[in-house]
2 protein chains.
Amino acid sequence: MKYPTRLSDAVHIMAFIALNPVERLSSEKIAESIHTNPAYVRQLMSALRKGNLLLSTRGHPRPELAREPRDITLLDAYRALEGNKPLLHQDTHTNPACGVGVNIQLALRDCYDCVQAQAEAAMRRITLQEVLDRYAARLTGLEGHKETPNGSQDSSRGCSADGSADSPEG
Amino acid sequence: MKYPTRLSDAVHIMAFIALNPVERLSSEKIAESIHTNPAYVRQLMSALRKGNLLLSTRGHPRPELAREPRDITLLDAYRALEGNKPLLHQDTHTNPACGVGVNIQLALRDCYDCVQAQAEAAMRRITLQEVLDRYAARLTGLEGHKETPNGSQDSSRGCSADGSADSPEG
DNA sequence: TCTGTTGTAATAATAAAAATTACATCTGGA
DNA sequence: TCCAGATGTAATTTTTATTATTACAACAGA
């Protein structure tokens, strides 16, 4: 760290809950898996709860997902944790006396909105179920090496970037 | 701040150079517009130079773009500044003894790669020329309120997110 | 009541980003 | 050649978002 890992940790929490629907699941137990502390886990769970993704009650170590994994998207989690915070950040401290600079940043905002929209569209297509499927595929892959064993969602959909593959700058 | 604004500042620098092809342009002058210090500007310029986006020589206050604005994409700048750093970060500090946690993060990586690919595709479609066009549109918009006055690239292309518009979580 | 847990606030520690300082090196002109 | 002004770059400090930690009231269940 210290790059933000809230989204990763939040998905971790939800996946962990989905994978342990039966047994007691305290924030301490989850924290052990993430290798962090229980209070941080509870903070993330609090955000997920406010985002209507998680159900949990005080003093009761049995958190539940509020919806089916296939109805929880990465974007849902992102919104719950980050609100409307963008992935790319403008510089809002340019010289106000320099109209050129101000307008360049404003022009950039339109462009960043494009990038944000595409990224969010991708996040909206990724469900918790897909993460779980990929997780399961990894586990079986360690022994048999099959693809998407339960395929409740098309995990092999791929994600071709319509602008073609990565090009060497030149 | 302190969200990263390197990309924004780098685009600012390139746009500023494109808009001032004639006069002397010292790093101090550019820094004035960004409202930062010359050394930071030179650091960014150094990265852009190494990315083959900028030409400049020691002691010579006349930086030039290495390519036409329409041949410089946002992704080019991103690569020059950030290399392969992703927009979303995995948590690489999960408990190694917890196979569940490890594999969840690995499953997440595949998903993040999707998001990254879409975001980069969007960045690849945005050129410096488009930023300049939007800048020009803003300036004229302040008086006449016209759209894309010089239209060297279709600035009004828009950026529909194929996953449909933003949905209220529910 | 007692133990264990959650929900939440407040504070500290960590680390990435930007700001700053310093200086060797170069250009162009006197 | 010498000087002023600039760049390129390294090193250090400051700032601040993120995570870690501490603390505790409120609640569940036995």
Side-chain angles (χ1 to χ4, degrees), chain A residues 1-10 12-13 17 23-51 53-64 78 80-83 85-95, chain B residues 1-10 12-13 17 23-51 53-64 78 80-83 85-95:
Chain A
M1 316 206 194
K2 221 81 183 219
Y3 291 113
T5 57
R6 278 191 295 267
L7 181 61
S8 295
D9 294 330
H12 193 130
I13 290 170
I17 291 172
E23 49 182 312
R24 246 168 95 93
L25 216 50
S26 66
S27 61
E28 183 169 359
K29 211 160 188 176
I30 299 174
E32 219 170 274
S33 172
I34 301 183
H35 214 250
T36 181
N37 61 83
Y40 174 59
V41 169
R42 292 199 294 270
Q43 281 169 11
L44 295 179
M45 288 175 67
S46 175
L48 292 174
R49 196 173 344 104
K50 285 168 185 163
L53 302 178
L54 203 69
L55 302 174
S56 62
T57 53
R58 190 189 288 268
H60 192 79
R62 287 185 195 280
E64 289 176 86
Y78 184 86
L81 296 163
E82 313 291 348
K85 185 188 297 179
L87 293 169
L88 294 175
H89 296 269
Q90 293 182 251
D91 187 344
T92 57
H93 286 59
T94 55
N95 191 341
Chain B
M1 318 203 196
K2 229 56 181 257
Y3 292 113
T5 57
R6 279 190 294 265
L7 181 62
S8 295
D9 294 331
H12 194 130
I13 290 171
I17 291 172
E23 49 182 312
R24 251 167 93 90
L25 217 49
S26 66
S27 60
E28 184 169 356
K29 212 160 185 175
I30 299 174
E32 218 170 275
S33 171
I34 300 183
H35 214 250
T36 182
N37 61 83
Y40 175 58
V41 169
R42 293 199 294 269
Q43 282 168 9
L44 294 179
M45 287 175 69
S46 175
L48 292 174
R49 196 173 344 103
K50 284 168 185 163
L53 302 178
L54 203 69
L55 302 173
S56 62
T57 53
R58 191 189 288 267
H60 193 78
R62 286 183 196 280
E64 289 175 88
Y78 184 86
L81 296 163
E82 312 292 349
K85 184 187 298 178
L87 292 169
L88 294 175
H89 296 269
Q90 293 181 251
D91 188 343
T92 57
H93 286 60
T94 55
N95 190 342

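Given the structure is predicted, the values throughout are model-derived calculations rather than measurements. Side chains included, hydrogens not; waters and symmetry mates left out as well; all remaining heavy atoms used. In the text below, chain A, chain B and the rest are named by the order of the sequence lines, each starting its count at 1.
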Novice: Between the base of D/dT18 and the side chain of A/Lys2, is one N or O donor paired with an acceptor at under 3.5 angstrom?
Specialist: yes

Novice: Which pair of heavy atoms, one from A/His35 and one from B/Thr94, lies closest together, and at what distance?
Specialist: CB-C, 3.7 Å

Novice: Nearest whole angstrom, please: distance from the C1' of D/dA20 to the CD1 of A/Ile34.
Specialist: 13 Å

Novice: Check whether any side-chain N or O of B/Ser46 sits under 4.0 Å from OP1 or OP2 of D/dG8, and answer yes or no.
Specialist: no

Novice: Between D/dT9, D/dA26, D/dA20, spot the one nearest the side chain of A/Arg58, thanks.
Specialist: D/dA26

Novice: Does B/Thr5 offer a backbone N or O that forms a donor-acceptor pair with the side chain of A/Asp91 under 3.5 Å?
Specialist: no

Novice: For A/His12 and A/Ser33, which heavy atoms make the closest approach, and how far apart are they?
Specialist: NE2-OG, 2.9 Å

Novice: Whole-Å distance between C/dA18 C1' and A/His93 NE2?
Specialist: 11 Å

Novice: Whole angstrom is fine here: how far is it from CE in B/Met45 over to P in D/dA6?
Specialist: 13 Å

Novice: Just to be sure I understand the rule, does B/Gln43 reach a base, reach only the sugar-phosphate, or reach nothing, if contact means heavy atoms closer than 4.0 Å?
Specialist: base

Novice: Hey, which of these two, B/Glu82 or B/Gly59, hits DNA chain C nearer its 5' end, going by closest nucleotide?
Specialist: B/Glu82

Novice: Could you check whether B/Lys29 gets within reach of a base, just the sugar-phosphate, or nothing at all, counting any heavy atom under 4.0 Å?
Specialist: nothing

Novice: Picking from C/dA17, D/dC27, D/dA6, which would you name as closest to the side chain of B/Pro61?
Specialist: D/dA6

Novice: Treating B/Ser8 as the side-chain partner and A/His89 as the backbone partner, does any N or O pair qualify as donor plus acceptor under 3.5 Å?
Specialist: yes

Novice: Are OP1 or OP2 of C/dG7 and a side-chain N or O of A/Arg49 less than 4.0 angstrom apart?
Specialist: yes

Novice: Whole-Å distance between C/dG7 P and A/His60 NE2?
Specialist: 11 Å

Novice: Return the value, rounded to whole Å, for the distance between atom NE2 of B/His35 and atom P of C/dT20.
Specialist: 10 Å

Novice: Closest to the A/Thr5 side chain: D/dT19, D/dT21, C/dT20?
Specialist: D/dT19

Novice: Report yes if at least one side-chain N or O of A/Ser56 is closer than 4.0 Å to OP1 or OP2 of C/dT6; otherwise report no.
Specialist: no

Novice: Does B/Arg62 make a side-chain N or O approach to OP1 or OP2 of C/dG28 shorter than 4.0 Å?
Specialist: no

Novice: Quick one: does B/Tyr78's side chain have a donor or acceptor within less than 3.5 Å of a partner on B/Lys85's backbone?
Specialist: yes

Novice: Roughly, in whole Å, what's the span from OH in B/Tyr40 to P in C/dA17?
Specialist: 10 Å

Novice: Could you state the CD1-C1' distance from B/Ile13 to D/dG8, rounded to the nearest angstrom?
Specialist: 14 Å

Novice: Given the rule in the side-chain contact (heavy atoms from CB on, under 4.5 Å) test, do B/Arg49 and B/Ser46 qualify, once you have shown the distances and angles that lead to the verdict?
Specialist: CA-CA 5 Å; B/Arg49 196 173 344 103; B/Ser46 175; 3.7 Å; yes

Novice: What nucleotide among D/dA6, C/dT6, D/dT9 has an atom nearest to a side-chain atom of B/Ser26?
Specialist: D/dA6

Novice: Heavy atoms from C-beta onward define the side chain here; which of D/dT18, D/dT7, C/dT21 lies closest to that of A/Pro4?
Specialist: D/dT18

Novice: Rounding to an integer number of Å, can you tell me how far B/Leu25 CG sits from D/dA6 P?
Specialist: 12 Å

Novice: Give one of base, sugar-phosphate or nothing for B/Arg24, where a contact means two heavy atoms less than 4.0 Å apart.
Specialist: sugar-phosphate

Novice: Please determine whether a side-chain nitrogen or oxygen atom of A/Thr36 lies at a distance below 4.0 Å from atom OP1 or OP2 of D/dA20.
Specialist: yes

Novice: If you only use heavy atoms from C-beta on, which nucleotide in D/dT9, C/dA17, C/dT8 is closest to the side chain of B/Arg6?
Specialist: C/dA17

